[in-house]
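Lettering of chains follows the sequences in order, A, B, ..., and the numbering in each one begins at 1. Computed from a predicted model, the values in this text were never measured in an experiment.
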2 protein chains.
Amino acid sequence: MGKTERKERERKRRKDRILNAAISLIEEKGFEKTTMEEIAERAEFSKGTLYLYYNDKSSLFQAIKKRALKYLHDQFLQILQKDLPGAKLVHEMMITFLDLIHENATFTKAMMLYGKKSEQEVEATDGTIQEDCIQLENELLMLIVRSLQIGVQDGSINTKLDPKLLALQIGFQMNGMIQFCLTGSNKKGLQILDEKNMDLPDLMEQFLQTQFSQAG
Amino acid sequence: MGKTERKERERKRRKDRILNAAISLIEEKGFEKTTMEEIAERAEFSKGTLYLYYNDKSSLFQAIKKRALKYLHDQFLQILQKDLPGAKLVHEMMITFLDLIHENATFTKAMMLYGKKSEQEVEATDGTIQEDCIQLENELLMLIVRSLQIGVQDGSINTKLDPKLLALQIGFQMNGMIQFCLTGSNKKGLQILDEKNMDLPDLMEQFLQTQFSQAG
DNA sequence: ATAAAAAATAACTCTCAGTCATTAACTGAC
DNA sequence: GTCAGTTAATGACTGAGAGTTATTTTTTAT
């Protein structure tokens, strides 16, 4: 009798129920305005119960980040399976990223905000989730590196840079774009994109082309 | 008798006194752990007084951001005065930025964190400071554009891209690097930089070189 | 010297994260 | 079935800290 396993599964279910409640509320009212009380209500638990599943509010929010990272990781792995030139692999990965930003602001915000918590302010946050996130981030980076290496091999990528460094730069560019999306509407940047009739995916493509066509 | 002017000046003084108290405390204990009570104490005011000068905690933090942006703006203007090739101007601007990040984490954090406040969660925040920050950010961007245009003119920059778009990309890269610094120590990225014996300024230089040497 | 205005205060309210003592539900042994 | 033990859930409680306001102190003008 798989007693413990079932227990585990049910626990996971409940954790997810809470997480979903949190996400839907955050989408409606924003991060800071969402209270544990409300999350509990929507998940049909009492407040106290939430703390049986997540150490604190911060952990709960980090779990959202983790979910987003897991999604990206899955997608990246699938992309890497495809039999495409390396340059195209990287491009698809970046588009996947941008799509996520575009259609799910909550995930994006979670990805940026909860994970900073510098030394001084870590304290309570559940170490495990934090670790998982770091691990996932690293793996995402390495999947980009893999794609770059493939691209260098197959000739679709010409660069003077080491793939790892290039991956880092691409990561920075990606992060910069995310930040740009979060900072919101009022922006010279949007105006520029608009007057050139471009969007972020276009700009990302431009960027990658520049990076990938460096006469060695 | 310049009565009102003196009043204004004194008011500004007191605002600064509060701001400095806030910055020093944040440096010691981090953003979220710093309370209005403590800030008041250090500034030698009572808590209530703080609210005569800043609408709320969020405004106070945004004022820190504003100060950082003002500093950068001044620096950028000075750089632009110099009689240097455009490519060098941009490079110096970026180095200035990276220096700031490096030596003043508080400013950096403020720059990233307080300014997101998306629609849902703006509410009380002092509109004026917000506006000022947006204005400053836009001007920073335009100063980069100016430098790029100079570079295209003097031939130090070869690019297929429009200067405005290129400025945007450089801005993204910069933001990505800031984010990287904030996210803190535990990082594959640091390891990569380490094993290649590089730091962020090096990587930025690489990045700019790539961008500036695109055969047209 | 005094009325008016400006600046500062500290006691207060209110919201919300996180805790804990208690209760309910389930599980298995007999 | 029922009782002991374990796991899950509850909601009343505490404490911290943001923001408010009625009151007092200080400054300025006449």
- Item | B:Y51 side chain, from C-beta outward: closest of D:dA18, D:dA9, C:dA17 | D:dA18

- Query: Does A:R6 put a side-chain nitrogen or oxygen below 4.0 Å from OP1 or OP2 of C:dT27?
  - Reply: yes

- Query: Want to settle it: does B:E10 or B:E37 sit nearer the 5' end of DNA chain D, counting the closest nucleotide to each?
  - Reply: B:E37

- Message: At less than 4.0 Å, is any side-chain N or O atom of A:T49 found next to OP1 or OP2 of D:dT10? Yes or no.
- Response: yes

- Whole-Å distance between D:dT10 P and A:R14 CZ? 11 Å

- With the side chain counted from C-beta on, respond yes when A:L69 and A:D132 share a heavy-atom pair under 4.5 Å apart, and no when they do not. no

- Which is true for B:Y53 with a 4.0 Å heavy-atom rule: it touches a base, it touches only sugar-phosphate, or it touches nothing? sugar-phosphate

- Protein-nucleotide distance (B:K7, atom NZ; D:dA29, atom C1'), rounded to Å: 11 Å

- When rounded to whole Å, the NZ to C1' distance for the pair B:K57 and D:dA16 reads 11 Å

- Find the distance B:E41:CD to C:dT9:P and express it as a whole number of Å. 12 Å

- Task: Rounded to the nearest angstrom, tell me the gap between atom CD in A:E32 and atom P in D:dG17.
- Result: 18 Å

- Query: Roughly how far, to the nearest 0.5 Å, is the NZ atom of A:K70 from the CG atom of A:D74?
  - Reply: 8.5 Å

- B:L50 CG to C:dA7 C1': how many Å, rounded? 13 Å

- Query: Expressed in angstrom and rounded to an integer, what is the separation of B:I39 atom CD1 from C:dT9 atom P?
  - Reply: 15 Å

- Flag the pair B:K187 / B:Q191 as yes when at least one side-chain heavy-atom distance between them is below 4.5 Å, and no otherwise. no

- So is B:R17 actually on top of B:F45's ring, under 6.0 Å and inside 45° of the axis? yes

- Message: Tell me the interatomic distance from A:L52, atom CG, to D:dT7, atom C1', rounded to whole angstroms.
- Response: 10 Å

- Message: Here's a test of your reading of the structure: between B:K47 and B:R11, which maps to the more 5' nucleotide of DNA chain C?
- Response: B:R11

- Item | Candidate nucleotides C:dA8, D:dT10, D:dG19, ranked by approach to the side chain of B:D56 - the nearest | D:dG19

- Query: Is A:K15 positioned over the aromatic face of A:Y54, cation under 6.0 angstrom from the ring centre and no more than 45 degrees off axis?
  - Reply: yes

